[in-house]
Amino acid sequence: MNWQIDVAVQTPAHSALGDVLSYASGAPVTPGTLLRVPLGRREVLGVAWSVRQDDAGPAAMALKPIAAVLDALAPLGDAWRDLVAFAARYYQRSLGEIALAALPPQLRDLSAVQLARRLKRKSAEAAASAASGMAPSHVTLSAEQAESLARFEAEAGPFLLFGSTGSGKTEVYLRAVAALLAREPQAQALVMVPEINLTPQLEARFKERFGPDAVVSLHSGMTNPQRLASWLAAHSGAARIVLGTRMAVFTSMPMLRLIVVDEEHDPSYKQQEGARYSARDLAIWRGRRENAKVILGSATPSLESWHQSRPAAGADPGGRYVRLAMPSRIGTGALPKVRLVDMNLQPPKTVLSAVLLDAIGQRIARGEQSMVFLNRRGYAPVLACGDCGWRSECPHCSAFRVFHKIDRTLRCHHCGFTERVPRACPECGNLDIAPVGRGTERLEEHLGELFAAVRRPDGSAVRIARIDADSTRKQGALESQLAAVHSGEVDVLVGTQMIAKGHDFRRITLVAAINPDGALFSSDFRAPERLFSLLMQSAGRAGRDAAYVSAQGATAEMWIQTHHPQHPLFAALKQHDYPAFAQGELEERAAAGMPPFAYRALLRADARTQEAAQAFLGAANAAADDLPGADQVTRYPAVPLAIQRVANVERAQMLLESPSRAALQRLLSGWQPVLHELRRTPEGKGVIRWLVDVDPHSI
């Protein structure tokens, strides 16, 4: 008897081959089983999606047989397949693309025999390792933490844990996981963090509490064998807790009962390549499907989550989330005092104001640490010639190459094109080409010059360290730099937003933001929300150890240098009043019909020329007129992206907006075959790729 197996495989992007491909089998296969199947001239990994008995008709005879069944591994469950199917449908991608991207890369290359051997070895290791006990917590809960945990246990959620920086959100996560594991012997918990550099710190706390065998990590910084080992431990149920970045939301966890999304506001939860999913939103959907509780935690929640957690008022039934508030810091610690420096009153071209330098100097003299935050890496954003006006433009992108003084290179941060710094202006030969603007590298050098004569309490020279994507490129560099900060070797830490998130620095009493004004008047409507979050998170690094601050007789401070001290964003920040800021922003967005009061998608085209990209989008716009849902969706004209050209590819986009999520989804799903067809018409000539971005983060 023949069986027809519909298999999800990673088909080439925009191949329009459909969600699943059909293969023949002499025996039935359980849906969710991993298979190896022929695709063109290759043999690839696939997931059995549906199975049906087939008659021996001509169509069945034409099907290729499956090559191998990887039945040593338990099939992927119904809930996992539902999550993948929902993500593919909602984010307008193929089923196989999502399903295969969710599996560890090394799994794609293993034969049935190799996988069986690997699993046999893993089960032997698991049997040999002693079961770890759960270490009791010796931390005394604050009243706010205790109340939040009590409500979490009593109510269904999903929950938004709105806790100020230093309020003890991590301890709430640890207690919630501990209560779950004590109550259900087989239960599993998924804990998500926005960035890889936060994973080791959290991993150490979880392993200390639950034992090393109960916890595995999953993020792109791991080697392929490490990722496979972690994934297999989660899939088999051996790992009780999975800690990971956005990719971990797709981890197969058959006994998942709790999902924690820490720093839920962070843009890193939104994938920016390929399938552009939001891991935070998928966590909410997965929790509902698998009957798992979900906690979103943040000191500065996304406005979407804040709106969803609003309490009922009058005719408004309120949001779907339960808001748990922890406004106070643990112990006697106070939130840092926010000081604004009006740069309009400073001499022209001042980088660091005299009052800020004096404040940092006082901290150095007392042996305390300061943190200076500038969200621009490199030495200077541009190298320029004063004679002819030449600037260090990238020949492949509509952007400037950044000057990196350490290795004397001009480097494009978009396409990676790098050249040695020219000895003279390439246009006119002028030897006097100079850096314009300031990055973290130049700020580090400038601080070194300013504090060269200052001494630490022990008489040694001031030590300044820099943490950004350039200084942490080498393996282990970030860990060693963070260790130096924690041990007190560093007096002033300079860095990008990498240092603003999640780190528990105990001796920092001053944080300074040098030039945050750019985001106040950005064309991106989310820019103020991101800036407020970044500044509040940065401020949260100061004065975290109340006993240390008190012993030093110091006051934790956040300094902000700005040309717009009267801006309402800074007024809310001075009061640490996120609710006031959120209310103002939501009122503006409601009046303008922007998310979360409307739903958006982008159609983007990348082409050899801007004309080709816009012609494709124009034809797509015209073809959408008759599609279901089109009457409820506003389609804006196509425009170039802010950075129009990257790696010699021209980019254009078209915005779609609707008050109805369902109408937008109907239009997008009806549009897919039309867009595939358009690629083959004259309007599609010159188009390299197109993509749909649902719920885009930046426009």
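FYI, side chains are in, hydrogens and waters are out, and symmetry mates aren't considered; it's all heavy atoms of this structure.
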From OG (S252) to CG (L83), nearest 0.5 Å = 10.5 Å
Would R600 count as a cation-pi partner of F525, with NZ or CZ less than 6.0 Å from the six-membered ring centre and within 45° of the ring normal?
-> yes
Minimum heavy-atom distance between L569 and P528, given as atom pair plus value | CD1-O, 3.5 Å
Give me the ring orientation class for H567 and F570: parallel if the planes are under 30° apart, tilted from 30 to 60°, perpendicular past 60°.
-> perpendicular
With V694, which of Q665, R661, R93 fulfils side chain to side chain contact (heavy atoms under 4.5 Å, CB included)?
-> Q665
Could you tell me whether a side-chain N or O of Y269 sits under 3.5 Å from a main-chain N or O of M192, the two making a donor and an acceptor?
-> yes
Heavy-atom closest pair (R530 atom, D524 atom, distance to 0.1 Å) is NH1-OD2, 3.0 Å
Quick one: pull up NE2 in H404 and CZ in R411 and give me the separation to the nearest 0.5 Å.
-> 4.0 Å
For the atom pair CG (L374) and CD (E441), what is the distance rounded to the nearest 0.5 Å?
-> 12.0 Å
Looking only at heavy atoms, what is the nearest atom pair of L303 and P596, with distance?
-> O-CG, 4.2 Å
Presence of salt bridge, E264 and R280, under 4.0 angstrom | yes
Any sub-3.5 Å donor-acceptor pair from Q226's side-chain atoms to G221's backbone N or O?
-> no
Lys/Arg-Asp/Glu bridge criterion (N-O < 4.0 Å) met for R526, E304 | yes
Shortest non-hydrogen pair, V674 vs A623, comes out as CG1-CB, 3.6 Å
Under 3.5 Å: donor-acceptor pair, side chain of R391, backbone of A384 | no
For R604 and R651, indicate whether the former's side chain and the latter's backbone hold a donor-acceptor pair under 3.5 Å.
-> no
Given the options R463, K405, R466, E444 meets salt bridge (Lys or Arg N to Asp or Glu O under 4.0 Å) only with R466
So, do Y91 and E97 sit near enough that their side-chain heavy atoms are less than 4.5 Å apart?
-> no
Test side-chain contact (heavy atoms from CB on, under 4.5 Å) applied to L39 and Q10, step by step = CA-CA 10 Å; L39 181 65; Q10 185 136 29; over 6 Å; no
Taking the side chain as every heavy atom from C-beta outward, state whether H396 and C412 have any atom pair closer than 4.5 Å.
-> no
For I433 and P422, which heavy atoms make the closest approach, and how far apart are they?
-> CD1-O, 3.5 Å
Main-chain N/O of A598 paired to R589 side chain as donor or acceptor, under 3.5 Å | no
Validation row: P104, L218 side chains within 4.5 angstrom (heavy atoms) = no
Could you walk me through whether R108 and V44 pass the side-chain contact (heavy atoms from CB on, under 4.5 Å) check?
-> CA-CA 7 Å; R108 297 173 211 173; V44 298; over 6 Å; no
Applying side-chain contact (heavy atoms from CB on, under 4.5 Å), run through L228 and L110 and close with a yes or a no.
-> CA-CA 11 Å; L228 178 60; L110 295 180; 3.8 Å; yes
Got a donor-acceptor contact below 3.5 angstrom from the R635 side chain to the N621 backbone?
-> yes
Using 30° and 60° as the class limits, which term best fits the ring planes of F581 and F532: parallel, tilted or perpendicular?
-> parallel
Examine distances only and state if a side-chain atom of T440 and a backbone atom of G495 form a donor-acceptor pair shorter than 3.5 Å.
-> no
Nearest heavy-atom neighbours spanning V9 and G46 | CG1-CA, 3.9 Å
Answer whether the closest heavy-atom distance between the side chains of L678 and V687 falls below 4.5 Å.
-> no
Could you tell me whether the side chain of R420 and the main chain of D407 form a donor-acceptor pair under 3.5 Å?
-> yes
Could you tell me how the ring of W690 sits relative to the ring of H676: parallel (under 30°), tilted (30 to 60°) or perpendicular (over 60°)?
-> perpendicular
Output, in order, the C-alpha distance, side-chain angles, deciding distance and verdict of side-chain contact (heavy atoms from CB on, under 4.5 Å) for D109 and N224.
-> CA-CA 11 Å; D109 304 324; N224 283 345; over 6 Å; no
Do we see a donor-acceptor contact under 3.5 Å between the side chains of Q271 and R246?
-> yes
d(S305 OG, D281 CG) to nearest 0.5 Å is 7.5 Å
May I ask you to test the P640-Q614 pair for a side-chain heavy-atom distance under 4.5 Å?
-> yes
Interatomic distance, L641 atom CG to Q653 atom CD [nearest 0.5 angstrom] = 4.0 Å
Is a side-chain donor or acceptor of T245 paired with a backbone partner of H219 at a separation under 3.5 angstrom?
-> no
Any chance the side chains of E445 and Y379 put a donor and an acceptor closer than 3.5 Å?
-> yes
Are the side chains of S230 and M222 in touch, meaning some heavy atoms are under 4.5 Å apart?
-> yes
Taking the side chain as every heavy atom from C-beta outward, state whether L103 and L100 have any atom pair closer than 4.5 Å.
-> yes
CZ of F400 to CD1 of I643: how many Å apart, nearest 0.5 Å?
-> 11.0 Å
Donor-acceptor under 3.5 Å (T418 side chain, G416 main chain) = yes
Does Q106 reach the side chain of R227, with side-chain heavy atoms less than 4.5 Å apart?
-> no
